[in-house]
Chemist: 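One structure coming up, written as structure tokens, with questions to follow.
Values below: all heavy atoms of this structure, side chains included; hydrogens, waters and symmetry mates excluded. Given the structure is predicted, the values throughout are model-derived calculations rather than measurements. Below, read A as the first sequence line, B as the second, and so on, with proteins coming before strands; counting in each chain starts at 1.
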2 protein chains.
Amino acid sequence: MTGIRKKPRQQRSRATWDAILEAAAQLFGERGYTGTTTNKVAERAGVSIGSLYQYFPNKEALLLALSEQHMEHSGTVLHAVFERLEREHPGLEETVARLVDTTVELHRHNPNMHRLLFEQTPRSPALMARFQRLESLMAAAVGAQLRRLGIAGPRPEARALLLVQSLEAQIHGAVLSPPGGIDTDTLVTEIKALCVASLAS
Amino acid sequence: MTGIRKKPRQQRSRATWDAILEAAAQLFGERGYTGTTTNKVAERAGVSIGSLYQYFPNKEALLLALSEQHMEHSGTVLHAVFERLEREHPGLEETVARLVDTTVELHRHNPNMHRLLFEQTPRSPALMARFQRLESLMAAAVGAQLRRLGIAGPRPEARALLLVQSLEAQIHGAVLSPPGGIDTDTLVTEIKALCVASLAS
DNA sequence: CTGAAATGTGAGATTTACTCGTGTTTGCGT
DNA sequence: ACGCAAACACGAGTAAATCTCACATTTCAG
């Protein structure tokens with residue numbers, strides 16, 4: 001049901017594993033999740049359908065593996081930003097700006113994958129669990145920044161979690177569903193302003 | 001592709017129409033969207049599979065019809081709240097409190113339907129369009145409140161839209177995915193506080 | 001070289017969304 | 001009351017997709 005059926009032990013199988021995921025990423029991006037069939041994924045990857053099911057127990061497992069890669073990347077990038085914040089101790093405005101800007105970049109970098117994971121996909125419990133885990137990590141890091149800036153308030157964890165959820169939703173909307181009449185940059189500026197205002201007691 | 005294939009003209013057919021949607025709501029709630037089959041929906045509704053497809057051109061149409069009902073209800077409730085705000089002109093804090101509380105109630109009222117529409121479902125273009133339309137209406141109404149309170153800022157539409165997205169995400173998370181260690185009421189209180197702070201210039 | 005484990009194969013079993021030809025009920029003009 | 005056209009209901013059957021399984025091929029340690 002979840003994740004991977006068998007881990008590759010030889011390079012040969014690692015290659016087919018990669019080929020399958022690469023083909024899945026391409027086809028999901030081109031035709032959407034429901035629009036791609038496992039047979040077509042196997043075909044484009046140049047392997048038999050049997051090989052696909054040797055490594056991924058079902059279609060959703062392909063999506064989960066892709067989400068794993070994507071979230072790992074996002075986690076790494078954000079981790080670097082938080083480390084730099086710990087080193088340089090910038091003020092509130094600069095801190096918010098850096099976090100918002102990198103999150104915007106993460107959304108801009110591969111919009112298809114983002115749309116795939118957060119819009120076109122039936123969010124299974126497994127996928128939701130992965131997402132919430134990343135959200136928790138982010139909230140913890142944001143909470144640390146709030147404490148550093150002395151604006152953690154009476155409930156640091158709650159405040160941090162809400163900020164993470166808010167920014168995620170706002171940035172996702174601003175980058176991926178640019179609404180009529182307002183351009184993305186305007187929205188990003190306003191996002192930063194609102195966030196700073198809500199914290200500057 | 002979209003919506004309804006044939007509108008009922010006799011009471012008899014109206015009854016089967018209702019039975020089908022009721023069965024769909026139950027099964028979607030119990031087994032999720034991908035976990036329920038149209039055949040099972042027809043079976044539980046006590047009608048033949050042919051009858052189902054007489055009224056709903058495909059599986060997704062069931063979901064769309066359900067979302068229609070749900071959003072119509074939400075729209076009505078929120079419309080009433082905004083009308084009352086126009087009449088009574090409460091201050092910022094009270095305005096935010098009323099909007100947050102009713103949104104929380106809407107989420108609490110039928111969590112399964114909410115989860116269904118916003119988590120378990122592949123968000124088709126049709127569904128996304130409906131959702132964004134509701135979001136736009138909300139943003140317009142919130143914008144009017146901001147102007148009334150004299151806190152619209154330089155870009156009222158942008159600010160209103162961001163507030164709507166933020167509140168939706170935060171409340172959705174607080175009510176439907178109560179995170180470990182923090183209870184819903186604490187989160188709701190903090191949501192109001194953050195929202196008011198971000199607007200009290 | 002050899003055998004066992006790992007990897008690869010693809011026909012087909014199973015499931016599911018959806019169609020279509022046919023039968024039944026309802027409303028209505030006469 | 002009668003008949004008839006339109007609305008409604010039916011369910012076996014079709015096409016297409018997911019996933020299995022019995023067997024073939026490759027790799028590699030000893």
Chemist: What side-chain donor-acceptor pairs closer than 3.5 Å can you find for residues 164-180 of chain A, not counting sequence neighbours?
Modeler:
from	atom 1	to	atom 2	distance (Å)
A:Ser166	OG	B:Ser166	OG	3.0
A:Gln170	NE2	B:Leu162	O	3.1
A:His172	NE2	A:Glu119	OE2	3.2

Chemist: Heavy-atom nearest nucleotide on DNA chain C for A:Gly50 versus B:Lys40: which residue maps closer to 5'?
Modeler: A:Gly50
Chemist: Of B:Thr16 and B:Ile49, whose nearest nucleotide on DNA chain D comes first from the 5' end?
Modeler: B:Thr16
Chemist: With a cut-off of less than 4.0 Å, is there a side-chain N or O of B:Tyr53 near OP1 or OP2 of C:dT19?
Modeler: no
Chemist: Rounded to the nearest angstrom, tell me the gap between atom NZ in A:Lys59 and atom P in C:dT16.
Modeler: 14 Å
Chemist: In whole Å, I'd like the distance from the OH atom of A:Tyr55 to the P atom of D:dT18.
Modeler: 20 Å
Chemist: Tell me whether the OP1 or OP2 atom of D:dG11 has a side-chain N or O from B:Ser48 closer than 4.0 Å.
Modeler: no
Chemist: Go through the structure and list residues passing side-chain hydrogen bond (donor to acceptor under 3.5 Å, both in side chains) with B:Glu43, not counting sequence neighbours.
Modeler: none
Chemist: D:dC8 phosphate, OP1 or OP2: any side-chain N/O from B:Ser51 under 4.0 angstrom?
Modeler: no
Chemist: Can you tell which of C:dT7, C:dT9, D:dC8 lies closest to the side chain of A:Val47?
Modeler: C:dT9
Chemist: Without decimals, in angstroms, what is the distance between B:Arg14 CZ and D:dA7 P?
Modeler: 18 Å
Chemist: Which residues satisfy the side-chain contact (heavy atoms from CB on, under 4.5 Å) test with A:Ser136, sequence neighbours excluded?
Modeler: none
Chemist: Rounded to whole Å, how long is the line connecting atom CG of B:Asp18 with atom P of D:dC8?
Modeler: 13 Å
Chemist: Check the angle between the aromatic planes of B:Phe118 and B:Phe131 and answer parallel, tilted or perpendicular using the 30° and 60° thresholds.
Modeler: perpendicular
Chemist: Where do A:Leu62 and A:Thr36 land on the side-chain contact (heavy atoms from CB on, under 4.5 Å) test, with the steps shown first?
Modeler: CA-CA 11 Å; A:Leu62 293 169; A:Thr36 76; over 6 Å; no
Chemist: Whole Å only: how far is the CG atom of A:Asn58 from the P atom of D:dT20?
Modeler: 9 Å
Chemist: Once you round it to whole Å, what is the distance between P of D:dA9 and CD of B:Glu43?
Modeler: 18 Å
Chemist: Where does DNA chain D form stems of at least three consecutive Watson-Crick or G-U wobble pairs, each pair having both distances below 3.5 Å?
Modeler: C:1-30 with D:1-30
Chemist: Quick one: A:Gln11 CD to C:dA6 C1', roughly how many Å, whole number?
Modeler: 13 Å
Chemist: Using whole Å, report how far CD of A:Gln54 lies from P of D:dA24.
Modeler: 16 Å
Chemist: Can you name the residues that form a side-chain hydrogen bond (donor to acceptor under 3.5 Å, both in side chains) with A:Thr34, not counting sequence neighbours?
Modeler: none
Chemist: Do the ring centers of B:His70 and B:His114 come within less than 6.0 Å of each other?
Modeler: yes
Chemist: Return the set of residues passing side-chain hydrogen bond (donor to acceptor under 3.5 Å, both in side chains) with B:Arg148 (not counting sequence neighbours), or none when no residue passes.
Modeler: B:Thr95, B:Gln145
Chemist: Mind listing the residues from residues 29-39 of chain A sitting with a heavy atom below 4.0 Å of DNA chain C? Number order is fine.
Modeler: none
Chemist: Taking only residues two or more places apart in sequence or in another chain, which ones pass side-chain contact (heavy atoms from CB on, under 4.5 Å) with A:Gln26?
Modeler: A:Glu22, A:Glu30, A:Arg44
Chemist: Is A:Ser13 close enough to C:dT7 that one of its side-chain N or O atoms is under 4.0 Å from OP1 or OP2 there?
Modeler: yes
Chemist: Not counting sequence neighbours, which residues clear side-chain hydrogen bond (donor to acceptor under 3.5 Å, both in side chains) with A:Asp183? List them please.
Modeler: A:Thr186
